[in-house]
Amino acid sequence: MTLIEQYSKLLEKSRRQEAIGFLKSLDNKQKKEIAPALKKLAKEYLENHWVTTGNTTRSHQKATDLQRDMLLQAYFVCMNRAEYSKLIYSSWILGNGLLGEILEWYCPTWFSDYLNSFADNEWVPVGLTYQWVIELQHKGFVSPSPELWVKILPNLVYESTSNHRWLFKPENLLQWPETLSEHVWYFFEWDSNVHFSNRYLSFKEPAVKEKAGWIDVFKMYVDQGQLDRKRVLQSAVQATTRNFNKNLSGWFADLFQKLEPTSAELLEIQESLFNALNSAHSKPVNTVLSYFKKLADDKEFKADDFLDHVPLLLSSETKTTVTSALMVLEKLARKRPALRGRICEVALQALVHADDALQTRAAKLVQKFGDPSLAELQQALTLYQDNLFSSARTLLQAFVPVSDISQEETISHEIDLANYRLSPENEIPKIETVEDLVFLSSQAFDNNEPYHIDLLPAALIQLQDQLKGEKLNALQPAFQRAYHLLLNLGQGGTGYLDNLLATFFVDYARFLFKKYPAHTADICAIHDSYVKKDKETLSSWLTQERIGSLDNWKTHHNDVVYEPFKLVLKVALEKLKQEDQLPLLSTPTHSPGWVSPLELVKRLQQYQSCNQLPDALDLQVAISRCALEQSDEALHYAKTHLTGEYLRLLQFLLQKEAQPEGPYKLKGAWMVAGLTKSPLIKFPAFEDFPFTHLSRTVLTGQYTWRTSVEGYTYSAYDHQTKKMVKIPGVHKVLKLDLYQKPLGKLESGFKSFVAKLLPLGKEKEEKLFLYDYIKLKRGLPWNGHHDLKRLLYLVPNNPEPLLGQITARCLNYSTFSEENEKTVVRLTLETLLGMWRDMGAMAHLFLATSMLSSDKTVRAYAAEIWVNQVSQKDIDSGLLGEIIGIQERIEFAPLKRFTDLVISNMYQISDQHNRALETLLQCLLSQLPDEPIKNLKALLQIYTEVLALNNSTVKDEVLLERLAIWKKTNSLKKLTERLEVVG
Amino acid sequence: MTDTISYQYANPSSLVKNASQDELFLAQYSEVQKKDAPCFFTGRLTNPYLTARCLITLSNVVQSSFNLSPFQLALLKDPIVTAGNEKIRFEGFSHCAGVYARVDVLPGGHDGAFLENGTTNVDFNQAMISALSGISKSEKVLLSVGKKEVALQKGAQKVVERKVPLPAKWIKGLTTVQLYLAEAEKMFTFNRVQALQLFQSIPSGKPRNDYYLVMRGNKPMFSPVKAAHGICVGGVQRLKLIEPLLPHATELRVFPHPTMQSTTWQLYFGDVRFSLSLSRDTWRGFSGEGAGLEALIEDVPDSWLDLVDKYSYANQEFNPTLMAIHEGIDLKKVDNMTGRLSAMGLLGYDVDENHFFYRRLPFKLSRIMSLNPRLKDAETLLAEDKVSILSRQDERVEARVEGSGVQHTVLLEGDRERCTCTWFSRHQGERGPCKHVLAVKKKLIS
């Protein structure tokens with residue numbers, strides 16, 4: 001019988017003692033010999049299988065508990081560390097039970113390293129106890145590392161009872177002398193869980209838990225004199241700077257406090273205390289500072305060393321730290337006149353914080369102890385001058401005269417950004433050669449720009465007579481990517497419109513196959529392979545092919561807002577089929593989606609000279625995208641090259657004061673021109689146009705809105721009754737009246753259905769109207785990062801209808817409920833920055849609500865738009881303030897979001913901005929209720945600062961009345977009185 | 001070439017506290033140095049407190065990762081040290097290879113002897129880092145890089161073998177980042193107050209969008225709004241790594257890459273400097289940027305490497321023209337020499353002094369050269385004869401390269417190069433040339 005057969009038999013019959021005897025008899029060679037077969041045995045016995053009996057399926061293992069233990073022992077004796085560690089349940093062997101029978105006659109060389117490796121584990125195996133390890137160490141089997149000691153030592157003071165309750169047994173530490181003399185000190189040097197060793201334990205007496213932590217253990221043995229008190233104090237302080245996590249560092253600070261160090265002790269270890277100020281966490285720092293407040297009066301306190309650390313403290317983001325540091329400085333300044341100059345100089349560093357209380361404290365200190373004639377102090381103060389609040393400014397007046405530097409020119413870059421839509425840098429490079437087109441077609445499906453959806457079809461039309469024969473093969477990579485995109489909907493941030501462009505391109509391929517069969521064999525092969533793949537992947541959840549045709553393209557929710565793009569692409573495809581080289585009118589000339597008026601005139605001229613009518617919707621989109629600037633040249637060109645209705649239309653669009661002039665054939669285009677030029681003006685000439693099914697509010701986006709508190713209920717589990725219960729709650733909601741009654745008579749449902757089925761006849765074309773599609777029917781624009789931008793750039797001169805719909809869907813609560821909403825708002829703000837001009841109330845509502853949103857980036861973006869538009873004198877700050885005020889009447893969002901935003905992004909930009917901010921705040925405050933809302937004080941403080949900066953006073957009667965009411969509230973009394981005085 | 005590199009340190013790095021002074025011993029290991037590891041530097045640090053703070057920050061950088069799981073975070077990488085020419089430079093990368101940090105201890109920052117010039121890995125263990133945090137302002141610290149008799153060791157000598165996954169990205173990043181640094185230009189200098197104000201405006205959390213450093217009067221701030229003259233920073237939260245150093249710094253200088261592919265933030269503490277370079281975004285490591293690929297199209301003759309060794313020692317300014325003149329190398333060939341040598345891990349770049357310095361990475365050259373998959377792919381395309389030049393007129397070359405299932409068009413027109421592949425279409429050349437362009441260029445040279 002071979003060795004493994006012998007062992008297998010013993011295992012099968014579960015004869016453990018005999019198996020141990022067998023293992024003991026093996027020499028090294030024999031161990032190696034049976035190792036491979038042992039692996040197979042372990043697999044056979046320990047691997048879990050699913051077993052089905054009747055209706056139940058359960059996991060099953062061949063080995064009994066005893067057989068598992070036998071295999072662990074055999075593995076331990078015959079395998080090397082790597083093999084042993086791989087075995088399932090390998091750590092179960094730890095402890096006296098299984099290894100006690102082996103270690104006396106066999107201890108592998110790797111055993112010590114194996115045990116130490118558990119120091120890096122998240123968890124400690126049950127058998128790996130302190131008691132067992134120290135026993136092993138005494139017997140010379142292992143050399144435990146400090147990391148392992150700190151891992152297993154915390155549990156030594158807890159013992160479990162039979163009923164799963166725990167006992168606190170600190171006396172266990174006295175069983176071995178090295179525990180207190182050596183091992184407990186490792187806690188101060190190595191990362192451990194000593195701080196929450198008792199967190200999950202349930203004690204026999206509940207009151208014990210509060211006093212059963214390791215802090216109590218240390219305190220007890222320090223008090224008993226069994227641990228060196230000074231060493232514990234010093235080690236605890238030093239441990240706070242050892243890169244431990246926040247909780248562990250804080251625990252050492254707690255331990256230090258618990259020991260109640262005396263002043264003499266503190267002075268003795270003050271070097272370590274200074275070093276603790278470098279801790280990355282605020283608790284140790286604040287603990288040390290609380291002691292320094294007491295020590296500062298002592299002449300043995302090393303003030304110079306403290307001053308070395310002050311910059312670190314005063315730049316802290318924790319307000320308590322800065323305040324405490326300033327308090328210590330104040331004490332030092334009082335006691336040590338010789339240091340006053342240096343103290344004042346460092347104290348100034350607290351002025352970096354945009355916080356009135358901190359600045360005032362620092363300024364008072366400097367005012368009291370500083371020498372105004374000291375050049376160093378004056379120079380240091382100049383660094384903070386722009387950052388000073390009025391109280392600090394007043395206190396420090398003697399040190400530096402207040403400068404009157406105007407800051408009007410500080411934000412020139414933003415002005416550049418939005419002012420010139422038709423600037424040369426925004427010009428979209430022209431596609432002039434087939435090579436350009438080849439590379440554009442590849443790019444259009446990858447690193448695409450918002451305008452690629454228009455540029456690609458335009459370039460195909462323009463170069464259609466050159467793109468033929470062999471040259472078509474250069475489009476292979478682009479076709480491949482279009483097909484790939486269609487099969488991988490949504491991948492890589494692609495949106496519906498990317499999908500639409502790919503569908504157009506595939507339809508173009510189909511057209512090429514017919515027209516140039518000889519030169520499109522390779523492209524056709526690509527087409528066939530993807531179509532095949534598409535068919536093969538159809539399944540129960542994917543029932544429709546993804547490679548479809550442009551005619552049948554639609555979004556999942558049939559959103560109409562994508563239709564204008566589809567219709568224009570259809571026009572483009574038709575032009576390619578008809579070999580019509582007349583350009584599309586709506587193709588942007590300037591990034592991201594503007595059409596230059598001159599280019600529009602030139603394109604129209606081409607149609608006029610061929611006596612052809614442009615597509616109605618293409619013309620409307622072109623007018624809608626027209627950048628209404630630098631229009632003189634375009635007007636001049638129009639007058640000399642256009643005639644009839646085109647000329648009248650363009651004159652109306654481009655001349656500021658021009659009124660519409662009939663007769664009107666292109667009614668949709670006239671209507672769009674009116675909404676593009678002056679969205680809020682109603683032109684009487686258009687009253688008879690067939691677009692009365694849409695109300696003015698829908699066309700202009702000037703929806704009415706309100707905020708209200710609404711009740712709702714939600715279900716939650718009640719642990720006491722053990723039932724699901726309905727719990728009432730309230731939420732604050734912003735509502736817009738998006739549904740507007742049409743002005744005219746609606747077409748009957750049947751008639752409209754039939755109309756949709758009919759081909760695009762002349763009558764239907766006359767009724768085509770871009771604004772019929774400006775509806776976010778369901779959900780939000782999809783995840784494609786360009787979709788939203790592209791949709792907004794359908795109506796860049798009048799985006800408020802879309803802004804209203806986005807506000808209603810994404811900003812209805814002050815906290816975003818999903819990531820997509822946040823992204824949509826951020827992208828909308830980003831797009832709005834480039835198109836803001838003469839915006840109405842809806843854009844202001846969108847901006848104001850964004851300023852209160854739960855996302856900091858969104859708030860910062862909104863503030864940046866305000867900064868930019870104030871510079872251009874193109875925003876109504878009063879209206880913005882009024883909207884925020886109305887929303888905050890019910891505290892729609894925490895006011896702190898807004899006050900923090902003002903301080904960080906809107907305050908002290910320039911004199912012009914300060915004046916606009918004053919208007920904004922005044923209108924905001926006037927809207928607030930008599931009962932002060934939370935954080936009103938902070939808002940009033942900012943208002944006071946802004947008034948001081950502007951040398952202004954409160955003039956508004958409503959606000960003065962409000963201030964008189966708020967004065968009755970104690971916390972606001974001082975501030976309101978100050979404001980009333982200046983009023 | 002294995003995926004694991006074993007650092008074998010004779011002893012772990014440690015900080016030993018003595019009554020008179022502390023001794024900071026940095027154990028070193030290099031797979032290209034001779035076996036009996038020399039001591040590179042031994043001497044006193046003139047500003048031990050700040051040097052220690054900088055080294056702790058460096059350790060935070062090498063431990064950080066902005067795109068990986070916590071498991072990988074735990075793998076502390078060892079920085080490399082270059083000693084020579086009176087300077088000691090510590091370099092390291094974040095695990096994701098998107099953040100590069102360097103501590104420069106300049107001539108006044110130490111008082112000691114450079115016993116050897118060279119570059120080596122040094123052991124950064126947690127115990128040593130913890131001990132570094134205990135160095136106070138009044139302490140005296142002796143630093144030794146590499147073993148010397150004075151380095152104190154208790155008990156028996158034991159070889160410390162640390163197996164860490166080979167940071168392939170790390171090595172590649174070390175070569176690529178130098179090219180970005182070389183192109184960077186200083187745009188802002190901020191005093192401490194301005195630097196603190198700027199960092200106060202870093203948004204909390206992990207913003208996904210880019211932020212732009214803009215000036216508001218005298219006050220710098222980060223704004224999410226794209227600004228024409230602002231410095232664009234992706235993954236701005238990564239800057240928080242140097243926040244603890246700000247209160248100590250006298251100045252912060254910002255060096256953006258001309259096309260904002262990276263930004264370098266340099267803090268000044270007298271004779272100690274800390275610089276942090278950020279890649280374009282958190283998900284883009286310097287390793288994948290391919291900035292050095294162009295330089296590697298042509299093979300580098302072995303004789304050049306010998307020459308570089310002959311003419312340079314660690315940290316010395318590298319002057320290719322001078323070397324070419326001395327050795328009679330055709331100046332045209334030297335044109336791109338610095339790019340090529342730094343892509344091979346032989347040069348570092350100092351943005352302050354505006355020159356390359358010699359620093360041979362302590363990794364086998366074959367290992368470094370094996371880290372350019374795009375270049376290898378290009379070679380495969382050539383080997384499989386998938387590149388055909390369609391036309392070549394003056395500076396215009398049109399080529400066809402066989403891709404997967406399609407024919408790609410490559411067009412080289414002077415400095416402008418275009419390809420129809422996905423890589424090029426997506427990045428438009430911002431992240432180095434694609435394998436098709438590389439293959440065409442290699443074919444043209446051959």
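What's counted below: heavy atoms across the whole structure, side chains too, no hydrogens, waters or symmetry copies. Residue numbers start from 1 in every chain, and the chains themselves are labelled A, B, ... in the order their sequence lines are given, proteins ahead of strands. Owing to the predicted nature of the structure, the values given are computational and were not obtained by experimental measurement.
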Closest-packed option against chain B by number of heavy-atom pairs under 4.5 Å, given [options]:
options: A:His309, A:Glu271, A:Arg826; result: A:Arg826
options: A:Asn275, A:Ile523, A:Ile526, A:Leu440; result: A:Asn275
options: A:Asn387, A:Asp191, A:Leu312, A:Leu313; result: A:Leu312
options: A:Arg481, A:Gln238, A:Lys856; result: A:Arg481

What's the spacing between [X] [atom1] and [Y] [atom2] if we round to 0.5 Å?
X: A:Ser442; Y: B:Gln428; atom1: OG; atom2: CD; result: 9.5 Å
X: A:Arg242; Y: B:Ile129; atom1: CZ; atom2: CD1; result: 12.5 Å
X: B:Leu196; Y: A:Glu317; atom1: CG; atom2: CD; result: 10.0 Å
X: B:Ile56; Y: A:Thr241; atom1: CD1; atom2: OG1; result: 8.0 Å
X: B:Ser425; Y: A:Phe439; atom1: OG; atom2: CZ; result: 8.5 Å
X: A:Asp446; Y: B:Thr420; atom1: CG; atom2: OG1; result: 11.0 Å

**Trace of the side chain to side chain contact (heavy atoms under 4.5 Å, CB included) decision for B:Arg216 with A:Val867** = CA-CA 11 Å; B:Arg216 288 280 151 77; A:Val867 170; 4.2 Å; yes
**Message:** If you apply the rule side chain to side chain contact (heavy atoms under 4.5 Å, CB included), what do you find for B:Arg208 with A:Glu819, and how did you get there?
**Reply:** CA-CA 12 Å; B:Arg208 289 184 188 176; A:Glu819 192 64 24; 4.1 Å; yes
**Request:** Go through the steps for A:Glu435 and B:Arg396 under the test salt bridge (Lys or Arg N to Asp or Glu O under 4.0 Å), then give the verdict.
**Result:** CA-CA 12 Å; A:Glu435 276 94 17; B:Arg396 189 181 188 280; 3.3 Å; yes
**Prompt:** Should we say atom NZ of B:Lys240 is surrounded by more than 12 heavy atoms from elsewhere, each under 6.0 Å from it?
**Reply:** yes
**Asked** More than 12 non-hydrogen atoms from neighbouring residues, nucleotides or ligands closer than 6.0 Å to CD on A:Gln379, yes or no?
**Response** no
**Request:** For residues B:Arg426 and A:Gln443, determine if any side-chain heavy atom of one lies less than 4.5 Å from a side-chain heavy atom of the other.
**Result:** no
**Message:** With heavy-atom distances below 4.5 Å as the criterion, would you say the side chains of B:His248 and A:Pro311 are in contact?
**Reply:** no
**Request:** Evaluate the criterion side chain to side chain donor-acceptor pair (under 3.5 Å) for residue pair A:Asn278 and B:Tyr49; output intermediate values, then yes/no.
**Result:** CA-CA 11 Å; A:Asn278 289 307; B:Tyr49 173 76; 2.5 Å; yes
Side chain, backbone, both or neither: which part of [X] has an atom under 4.5 Å from a heavy atom of chain A?
X: B:Ser201; answer: neither
X: B:Gln194; answer: neither
X: B:Phe199; answer: neither
X: B:Leu132; answer: neither
X: B:Pro244; answer: backbone

**Prompt:** Does one side chain, of A:Thr857 or B:Tyr211, offer a donor that lies under 3.5 Å from an acceptor on the other?
**Reply:** yes
**Item:** Nearest heavy atoms of B:Val406 and A:Gln476, plus distance in Å
**Value:** CA-OE1, 3.2 Å
**Prompt:** Which heavy-atom pair separates B:Lys226 from A:Tyr861 by the least distance, and what is that distance?
**Reply:** N-OH, 4.2 Å
**Message:** Using heavy-atom distances under 4.5 Å, tell me whether A:Gln349 contacts chain B through its side chain, its backbone, both, or neither.
**Reply:** side chain
**Message:** Which atoms of A:Asp900 are under 4.5 Å from chain B, going by heavy atoms: the side chain, the backbone, both sets, or neither?
**Reply:** neither
**Prompt:** Run the side chain to side chain contact (heavy atoms under 4.5 Å, CB included) check on A:Asn473 and B:Gln407 step by step: do they pass?
**Reply:** CA-CA 8 Å; A:Asn473 272 319; B:Gln407 292 282 335; over 6 Å; no
**Prompt:** Given the rule in the side chain to side chain contact (heavy atoms under 4.5 Å, CB included) test, do B:Thr422 and A:Phe445 qualify, once you have shown the distances and angles that lead to the verdict?
**Reply:** CA-CA 9 Å; B:Thr422 312; A:Phe445 299 104; over 6 Å; no
**Message:** With chain A as the partner, which of B:Met221, B:Lys219, B:Gln200 has the greatest number of non-hydrogen pairs under 4.5 Å?
**Reply:** B:Gln200
